[in-house]
Student: 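Handing you this structure, nothing more for now.
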Amino acid sequence: MASKQMVHMNRGQGETSYARNSILQNAEQNRMRPLIEDAIADLVCSRSMVIADLGCSSGPNALALASIAVDAFRRRCLALRRPPPPAELCVLLNDLPDNDFATVVKSLVEFRRNNGDEPVLLTGVVPGSFYGRLFAAESLHLVCSSNSLHWLSEAPEDLKMNGIPAYDVDANVRRERRAVVVGAYARQFRKDFMAFLKMRAVELVPGGRMVLSLAGRRSVDLASELTHAWESTAMTLSDMVTMGVIDKEKFETFYMPIYGPSDEEIRQIIQEEGSFLIREMQVPELTSGAYSALITSARVASMLRAAFEPIIVQHFGPTGCDGEEGIMDEFVRTAERRWSLEGSLQDELAQNPRGVLLVSLEKKPS
């Protein structure tokens with residue numbers, strides 16, 4: 001039996017860690033602030049509140065959404081000209097068991113110390129897949145999740161069983177199979193996101209809120225590939241096949257469990273599941289304005305390494321075909337070479353726009 005894919009970011013605080021290479025993800029988290037503040041405004045009358053961040057990862061981003069929620073709670077109380085109620089605010093952070101929880105726990109200690117005594121702030125970590133049950137029934141008031149729900153529970157089994165590569169080295173074959181590949185990933189996403197909604201519908205109180213962000217696209221944009229991050233990673237690995245750094249057969253059996261849905265796909269799944277009202281949905285592009293200034297070839301290559309190194313090394317091994325060169329060092333060099341011509345990275349982004357779906361949901365009354 002094949003081993004389960006190792007889905008976690010690079011651990012620790014080193015040069016290649018997710019903690020040091022997640023500024024782009026933090027920019028996406030900041031876009032969630034108004035939606036989280038609106039949700040808190042609806043919930044702040046509760047004498048206590050339980051907030052869960054699902055897919056928290058590690059590093060400075062692990063507490064970004066919790067910080068936004070706690071600050072919004074305090075500001076809302078001030079706006080109502082009353083002190084925070086003598087209640088408890090509980091922040092729970094979730095991710096898969098292989099996440100760097102040692103770093104997260106240290107961050108939580110500092111987080112509690114910096115937030116003082118009002119309101120009483122309780123914290124905890126809850127390892128496990130958010131596609132299953134994680135919390136007691138009707139125990140949560142607000143669920144947040146950023147940069148996580150485009151990660152699937154697994155890559156599509158039908159592609160693996162039928163030997164259909166997720167990304168073929170031959171461009172013509174890749175185009176011919178695109179509909180089959182994208183369709184398989186879309187079905188897996190539908191299954192997973194439906195399960196996610198069903199689990200949260202049990203765990204949230206009536207009227208509870210969810211604020212989610214994930215990689216995605218507008219429904220008018222064709223699904224050229226699964227996400228920009230996967231496309232860039234696959235193109236770089238394909239170049240490494242051509243260079244003889246990695247084995248072609250290995251590459252053709254590499255399936256990244258990622259899919260970026262359209263806003264219409266998300267809307268249809270939410271409506272079909274039936275437990276939530278859509279309060280707001282946004283589909284901003286992330287290739288213009290202040291965000292675009294963050295996009296450089298070196299930063300994107302390092303971000304891809306920080307996010308995907310564990311799953312790449314698990315499949316291909318730590319070295320290339322020669323057994324000497326570190327596979328991820330060569331990955332970064334290859335990616336940077338691809339984008340070395342002025343404007344090449346921007347052209348790639350324009351062909352497959354990097355978008356994000358922002359969704360605010362409210363659980364319907366029982």
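Note that the numbering runs from 1 along the sequence shown for the chain.
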Student: Quick one, Phe316 and Asp247 - any side-chain contact, counting heavy atoms below 4.5 Å?
Tutor: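 Not touching, per the 4.5 Å side-chain cut-off.
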Student: Would you say the side chain of Pro165 lies within less than 4.5 Å of the side chain of Arg177, judging by non-hydrogen atoms?
Tutor: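 SC-SC contact between Arg177 and Pro165 confirmed.
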Student: Do Met194 and Val202 land in one hydrophobic cluster if side-chain heavy atoms of ILVMFWY residues count as linked below 4.5 Å?
Tutor: no
Student: Starting from the C-alpha separation in whole Å, work towards a yes-or-no answer on side chain to side chain contact (heavy atoms under 4.5 Å, CB included) for Met240 and Arg333.
Tutor: CA-CA 10 Å; Met240 292 168 69; Arg333 282 194 293 268; over 6 Å; no
Student: Assess whether side chain to side chain contact (heavy atoms under 4.5 Å, CB included) is satisfied between Asn99 and Val104, documenting all intermediate values.
Tutor: CA-CA 9 Å; Asn99 185 50; Val104 172; 3.9 Å; yes
Student: Would you find a donor on one side and an acceptor on the other, under 3.5 Å apart, between the side chain of Asn162 and the backbone of Asp158?
Tutor: yes
Student: With the side chain counted from C-beta on, respond yes when Leu212 and Leu149 share a heavy-atom pair under 4.5 Å apart, and no when they do not.
Tutor: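 Sidechains of Leu149 and Leu212: in contact.
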Student: Parallel, tilted or perpendicular: which describes the rings of Phe196 and Phe130, with under 30° parallel and over 60° perpendicular?
Tutor: perpendicular
Student: Check whether Ser238 reaches the backbone of Ala234 with its side chain - one donor and one acceptor, N or O, closer than 3.5 Å.
Tutor: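 Looks like no, no N/O pair under 3.5 Å.
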Student: Closer than 4.0 angstrom, basic N to acidic O: yes or no for Asp239 and Arg337?
Tutor: no
Student: Any ion pair linking Arg31 and Glu28 (charged N to carboxylate O, less than 4.0 Å)?
Tutor: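 Result for this pair is no, no salt bridge flagged.
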Student: Is it true that Leu277 and Leu43 fall in one hydrophobic cluster, defined by side-chain heavy atoms closer than 4.5 Å?
Tutor: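 No, Leu277 and Leu43 fall in different hydrophobic clusters.
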Student: Decide whether Gln271 and Glu273 meet the rule of one side-chain donor and one side-chain acceptor closer than 3.5 Å.
Tutor: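 Gln271 vs Glu273: no donor-acceptor pair found between side chains.
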Student: Cluster question for you: counting only ILVMFWY and a side-chain heavy-atom cut-off of under 4.5 Å, with indirect links fine, are Met199 and Val143 together?
Tutor: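 Different hydrophobic clusters.
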Student: When hydrophobic residues are tied together by side-chain contacts of less than 4.5 Å, even through go-betweens, does Met281 share a cluster with Phe276?
Tutor: yes
Student: Taking the six-membered ring for Trp, are Trp230 and Tyr167 parallel (under 30°), tilted (30 to 60°) or perpendicular (over 60°)?
Tutor: perpendicular
Student: Compare all side-chain heavy atoms of Leu93 with those of Leu108 and state whether any distance is below 4.5 angstrom.
Tutor: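 Result yes, sub-4.5 Å side-chain heavy-atom pair found.
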Student: Contact between Met303 and Arg305 at the side-chain level, heavy atoms closer than 4.5 Å - yes or no?
Tutor: no
Student: Keeping to residues at least two apart or across chains, list the salt bridge (Lys or Arg N to Asp or Glu O under 4.0 Å) pairs with something in residues 192-211.
Tutor: Asp42-Arg209, Arg133-Glu203, Arg200-Glu203
Student: How about Pro257 and Ile311: do any of their side-chain heavy atoms sit closer than 4.5 Å?
Tutor: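 Yes; the side chains approach each other to less than 4.5 Å.
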Student: Any Lys/Arg nitrogen of Glu264 or Arg218 sitting under 4.0 Å from an Asp/Glu carboxylate oxygen of the other?
Tutor: no
Student: Side chains of Leu152 and Met256: does their closest heavy-atom pair fall under 4.5 Å?
Tutor: no
Student: I'd like to know if Asp71 pairs up with Arg33 as an ion pair, taking the criterion as any Lys NZ or Arg NE/NH1/NH2 lying under 4.0 Å from an Asp or Glu carboxylate oxygen.
Tutor: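 No, no charged N to carboxylate O under 4.0 Å.
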Student: Please step through side chain to side chain contact (heavy atoms under 4.5 Å, CB included) for the pair Leu361 and Arg279, ending with a clear verdict.
Tutor: CA-CA 5 Å; Leu361 303 176; Arg279 293 285 296 262; over 6 Å; no
Student: Cluster question for you: counting only ILVMFWY and a side-chain heavy-atom cut-off of under 4.5 Å, with indirect links fine, are Met243 and Met328 together?
Tutor: yes
Student: Tell me, do Asn94 and Val125 make a side-chain contact under 4.5 Å, heavy atoms counted?
Tutor: no
Student: Provide the closest heavy-atom pair for Val205 versus Ser139 in the form atom of the first, atom of the second, distance.
Tutor: CG1-N, 4.5 Å
Student: Name every donor-acceptor pair, under 3.5 Å, that has one atom in a side chain of residues 51-64 and the other anywhere in the protein, sequence neighbours excluded.
Tutor:
| unit_1 | atom_1 | unit_2 | atom_2 | d |
| --- | --- | --- | --- | --- |
| Asn61 | OD1 | Asn26 | ND2 | 3.4 |
| Asn61 | ND2 | Ser22 | O | 3.0 |
| Asn61 | ND2 | Ser22 | OG | 3.4 |

Student: Do Glu157 and Lys160 meet the salt-bridge criterion of a basic N to acidic O distance under 4.0 Å?
Tutor: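 Counted as a salt bridge, because a side-chain N and a carboxylate O are separated by less than 4.0 Å.
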Student: Only counting residues at least two apart or in another chain, list the ones meeting salt bridge (charged side-chain N to carboxylate O under 4.0 Å, His left out) with Glu252.
Tutor: Lys248
Student: Could you check whether any side-chain N or O of His150 sits under 3.5 Å from a backbone N or O of Gly260, counting only pairs where one atom can act as donor and the other as acceptor?
Tutor: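 Side chain of His150 to backbone of Gly260, a donor-acceptor pair under 3.5 Å: no, none is there.
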